[in-house]
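Just so you know, residue 1 is the first one in the sequence shown, and it goes up from there. Since we're looking at a predicted model, the values are computed, not measured.
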Amino acid sequence: MKKSPIPMRLKSYAPVVGLLILSVVSCSTDGSNGEELSSEEVISSTELKFSDETEMISEEVTAIAEEMYATDEISTTSKIDYNSGYLPDCAAVTIELTETTKEVTLDFGEGCEMPNGNTLSGVIHLSYALDLEAATNTIELNLENFMFNSVAVEGSASIVRTRSNENGNPQGVANASFSTTWPDATTASYTGTRTREWIEGFGTGFWGDNVFLITGKRTYVSRAGNEFVKEVITPLRRELSCRFIVSGVMEISRLGNTVRLDFGDGSCDAKGMLTYPDGTEEEIFLRRFKN
């Protein structure tokens with residue numbers, strides 16, 4: 001399929017259609033209490049949808065941190081006034097220097113729309129060492145009164161930023177923990193490590209050509225209180241011009257049962273192919289918010 005052109009505001013996609021149930025031949029056992037769970041209780045596409053939204057929030061927040069750091073790094077090392085244009089004018093940037101660190105405050109006010117159409121409010125606090133020519137640097141991230149679209153977000157991340165990895169690309173390894181609260185007061189949480197390699201577009205001066213490969217393993221606790229382990233098997237390709245992961249494979253496990261989610265062939269769409277333990281496949285739609 002032909003890739004979508006770079007939009008300044010992406011259209012929403014259809015919501016998840018129906019409820020897909022993980023089908024397994026036998027029942028699973030929850031080791032915590034010894035009770036058997038039927039296949040209907042293991043995983044559903046509704047939970048996958050909200051899981052995907054929670055991952056999107058974590059990815060977008062850490063991406064903003066790395067974009068801010070990269071802007072500072074390129075400006076410092078190249079001695080130019082570099083700006084990729086990713087942060088909109090409504091995001092107020094305040095910088096405070098200490099003897100050893102740079103403290104950066106990104107204030108999105110009561111509502112600030114990003115180029116990809118997501119609306120942010122509140123504050124992202126960043127802190128990192130002044131030496132931007134070092135091979136590695138650590139970015140500490142904390143949130144204050146932060147909202148992502150209509151979802152309240154709390155948490156923090158520590159991102160180890162490498163100027164040039166073994167492939168010669170910038171890379172960030174983020175250990176993150178975020179909790180999210182939807183308008184209906186339901187909550188979900190995300191904890192884990194992800195590696196984000198910047199494979200295209202670094203330093204070009206335009207955010208829309210930035211491409212990343214994402215790997216990692218994380219634990220997700222759903223709005224229903226179910227815990228899943230999500231592990232990337234084939235690197236996920238994220239093109240910043242698209243709100244969706246365009247390709248890559250992730251395995252999602254709960255109580256000994258595993259499904260495989262394939263994000264597609266590179267097209268910018270909400271579709272994914274879910275493969276059940278018995279080998280059957282079904283296409284699902286992973287809506288990443290509706291604007």
Side-chain angles (χ1 to χ4, degrees), residues 3-16 49-72 81-95 104-126 139 141-157 159 172 174 176 178-184 188 190 196 198 201-202 204-212 214 238-246 268-270 285-291:
K3 293 188 179 181
S4 302
I6 295 171
M8 287 303 291
R9 180 177 180 89
L10 298 166
K11 295 182 179 180
S12 60
Y13 287 80
V16 174
K49 178 196 73 171
F50 288 115
S51 166
D52 191 59
E53 288 191 345
T54 302
E55 282 213 29
M56 178 192 183
I57 292 171
S58 175
E59 169 61 24
E60 292 292 291
V61 169
T62 53
I64 289 170
E66 290 189 54
E67 176 66 30
M68 186 67 199
Y69 180 86
T71 298
D72 197 4
D81 186 16
Y82 174 82
N83 186 353
S84 72
Y86 187 62
L87 280 181
D89 292 339
C90 53
V93 180
T94 303
I95 297 174
V104 180
T105 299
L106 304 177
D107 191 338
F108 297 91
E110 296 183 357
C112 182
E113 185 175 316
M114 298 294 290
N116 56 17
N118 293 310
T119 299
L120 281 54
S121 64
V123 178
I124 298 177
H125 295 283
L126 305 176
I139 308 166
L141 180 155
N142 288 280
L143 303 178
E144 179 185 347
N145 299 324
F146 190 76
M147 298 280 292
F148 191 98
N149 293 330
S150 59
V151 180
V153 189
E154 297 180 339
S156 62
I159 307 167
F178 295 103
S179 61
T180 51
T181 303
W182 273 261
D184 63 1
Y190 164 105
R196 184 172 178 266
W198 199 330
F202 178 74
T204 64
F206 174 51
W207 63 271
D209 61 6
N210 291 343
V211 180
F212 307 90
I214 301 169
R238 174 73 198 284
E239 299 174 357
L240 205 59
S241 61
C242 177
R243 73 169 66 231
F244 303 100
I245 299 295
V246 300
C268 181
D269 58 38
F285 289 82
L286 292 169
R287 186 193 71 188
R288 287 194 157 192
F289 293 97
K290 181 179 180 181
N291 290 333

Practice task
Apply ring-ring contact (aromatic ring centres under 6.0 Å, His included) to Y82 and list each qualifying residue two or more places apart in sequence or on a separate chain.
Solution key: none
Exercise for the section: Search all heavy atoms of E113 against all heavy atoms of C90 and return the closest pair with its distance. Expected result: N-SG, 3.9 Å
Exercise for the section: Mind running side-chain contact (heavy atoms from CB on, under 4.5 Å) on L143 and F178 for me, showing each step along the way? Expected result: CA-CA 9 Å; L143 303 178; F178 295 103; 3.7 Å; yes
Completion exercise
Of all heavy-atom pairs linking G172 and I159, the shortest is CA-CG2, 4.1 Å
Fill in the blank from the handout: Nearest heavy-atom approach of W207 to S241 is CZ3-CA, 4.0 Å
Fill in the blank from the handout: One should read off an interatomic distance between T94 OG1 and H125 NE2, to the nearest 0.5 angstrom, of 10.0 Å
Exercise for the section: Could you grab the distance from atom CG of D72 to atom CD1 of I95, nearest 0.5 Å is fine? Expected result: 6.0 Å
Problem - Interatomic distance, D107 atom CG to E144 atom CD [nearest 0.5 angstrom] - result: 8.0 Å
Fill in the blank from the handout: Here the pair of heavy atoms bringing S121 nearest to G111 is CB-N, 3.8 Å
Practice task
Not counting sequence neighbours, which residues clear side chain to side chain donor-acceptor pair (under 3.5 Å) with T62? List them please.
Solution key: R194
Handout entry: Over 12 non-hydrogen atoms of neighbours within 6.0 angstrom of CG in N145
Key = no
Problem - Side-chain donor or acceptor of R196 paired with backbone N/O of A63 under 3.5 Å - result: no
Handout entry: Side-chain touch F108/I124, heavy atoms, less than 4.5 angstrom
Key = yes
Handout entry: Contacts of D184 that satisfy salt bridge (charged side-chain N to carboxylate O under 4.0 Å, His left out) - sequence neighbours left out
Key = R223
Exercise for the section: Evaluate the criterion side-chain contact (heavy atoms from CB on, under 4.5 Å) for residue pair V93 and M68; output intermediate values, then yes/no. Expected result: CA-CA 10 Å; V93 180; M68 186 67 199; 3.6 Å; yes
Practice task
Of all the heavy-atom pairs spanning A65 and L141, show the shortest one and how long it is.
Solution key: CB-CD1, 3.5 Å
Handout entry: ring-ring contact (aromatic ring centres under 6.0 Å, His included) against Y69, all qualifying residues, sequence neighbours excluded
Key = Y128
Problem - Pairwise side-chain contact, N118 with M56, heavy-atom cut-off 4.5 Å (strictly under) - result: yes
Completion exercise
The reported gap from OG1 in T54 to OH in Y190 (rounded to nearest 0.5 angstrom) is 10.0 Å
Exercise for the section: Check whether any side-chain heavy atom of Y86 lies under 4.5 Å from a side-chain heavy atom of N116, and answer yes or no. Expected result: yes
Handout entry: Partner set under side chain to side chain donor-acceptor pair (under 3.5 Å) for T181, not counting sequence neighbours
Key = none
Exercise for the section: Walk me through it: do F244 and E239 pass the test side-chain contact (heavy atoms from CB on, under 4.5 Å)? Expected result: CA-CA 8 Å; F244 303 100; E239 299 174 357; over 6 Å; no
Practice task
State, to 0.1 Å, how close G85 and N83 come at their nearest heavy-atom pair, and which atoms those are.
Solution key: N-OD1, 2.9 Å
Problem - Partners meeting side chain to side chain donor-acceptor pair (under 3.5 Å) with E154 (sequence neighbours left out) - result: none
Problem - Distance (rounded to the nearest 0.5 Å) between D52 CG and I57 CD1 - result: 10.5 Å
Handout entry: Min side-chain heavy-atom separation F146-V61 under 4.5 Å
Key = yes
Problem - Electrostatic pair R238-E60, nearest N-O below 4.0 angstrom - result: yes
Practice task
Any chance you could lay out the side-chain contact (heavy atoms from CB on, under 4.5 Å) test for I64 and L87, step after step, and finish with the verdict?
Solution key: CA-CA 8 Å; I64 289 170; L87 280 181; 4.2 Å; yes
Completion exercise
Separation between CD (E55) and OG1 (T180), nearest 0.5 Å, reads 11.5 Å
Problem - Residue pair W182 / N149, side-chain heavy-atom distance below 4.5 Å - result: no
Problem - Contact check, side chains of F202 and N210, non-hydrogen atoms, under 4.5 Å - result: no
Handout entry: Student check: side-chain heavy atoms of T105 and V123 closer than 4.5 Å
Key = yes
